[in-house]
Every structure is written in structure tokens, then in C-alpha cells.
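Comments concern the structure below.
Throughout, residue positions are numbered sequentially from 1 according to the sequence presented.
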Amino acid sequence: MTILLGAALGLLIAFILAVPAIILDTSRRVKNLPLLIDVYIWRGKKMNDGEVFAIGLAVHLIVGGLYGLLYTLFATNDWLVITNQPFSILSMLIFAAICWFVLMVMIFPIIGFGFFARKEGKTAWVESLISLLLEGGILWMVIQYYQPFFF
């Protein structure tokens, strides 16, 4: 149950981080917002503005949900060998950095974004790093707020 709660919190935090992008994109005031990767070409097909935003938002939400799920999975099973302190800010940020590296080197090349998302722009790797670090920091704050006082 804790793992599903972590995934839900990760998804919720990713959505909250994406709210400014959603508002500004739907009002058509700003394009190419940080925190959302702009996917201009998907499987060889050029995307229009709405599709670029939708795919970028979907990737952002999936990564956020997976971060929450994987972190709680590793923390509850004592697999955090780097810090051995589950649910600490340091362990969450280090885990976010490791997830970012795996995302850039393994996942993005597999789905066609290239290493470090080079095919999607020069700043996509920074946007992903900032997004995951914010995700880790906010998840830590949420966990600290709801954690019982006797832990």
C-alpha cells in the first residue's frame, strides 16, 4: 500500500509542478516552458503544438509517478544502499539524480529522444534534472508533514 501511495504522491506532485505550464499553454501566451520536455518528433512524425504539449505533459507525469513508486519501493525494501536513510532529503535527492541519469542514458534513447534528450532540444536534460530534483524535495516535504511524530 505504501508503494501505491508513493506513486500517487509522485503523480500528484508532478501534476502540481505542471500546473503553470498547463495554464500558460492553454492561454497560448508562452511556449517551450521549463519542466516539460517538448517532443517535436515522435516516431518520425512531426507534432503540432497541441501534441507537443500533450506528449510532454504525459512524459512529465509518468516520470513523476514512477519516481514516487520506485523511491518508496526501494525505501520500504531497504534497497537504498547509498545513504541507508530512507525518506531523508539526501536519499531522495540522490535517488532523483540517479533516476535522472538512468532516464537520460537508457530510457530516453529507447523511446527515441536520444542520449540526454538531445533530439528534443539543448535544455531538455536540465529541465528533466530540475523536475526530478523538485519532485524529490517536495515529496520529502509531504512525507515529513504526514509522518507521525513518534518516528
Hydrophobic clusters here meaning ILVMFWY residues chained together by side-chain heavy-atom distances under 4.5 Å, can you tell me if [X] and [Y] are in one?
| X | Y | result |
| --- | --- | --- |
| L134 | Y145 | yes |
| I13 | M141 | yes |
| L5 | V63 | yes |
| L66 | I143 | no |
| F74 | V142 | yes |

What distance separates [X] [atom1] from [Y] [atom2], expressed to the nearest 0.5 Å?
| X | Y | atom1 | atom2 | answer |
| --- | --- | --- | --- | --- |
| I110 | L103 | CD1 | CG | 10.5 Å |
| I107 | I62 | CD1 | CD1 | 11.5 Å |
| E135 | W140 | CD | CH2 | 15.5 Å |
| L9 | L4 | CG | CG | 11.0 Å |

[Y] backbone acceptor or donor facing [X] side chain under 3.5 Å:
| X | Y | result |
| --- | --- | --- |
| T72 | G68 | yes |
| S91 | Q85 | yes |
| Y71 | I3 | no |

Could you pull out all residues at least two apart from W100 that satisfy side-chain contact (heavy atoms from CB on, under 4.5 Å)?
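Partners of W100 under the side-chain contact (heavy atoms from CB on, under 4.5 Å) test: M104, F116, W125, S128, L129, L132.
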Side-chain contact test, heavy atoms from C-beta onward, threshold under 4.5 Å: evaluate it for [X] versus [Y] and give yes or no.
| X | Y | value |
| --- | --- | --- |
| H60 | L17 | yes |
| L70 | F95 | yes |
| Y67 | L139 | yes |
| L69 | L11 | no |

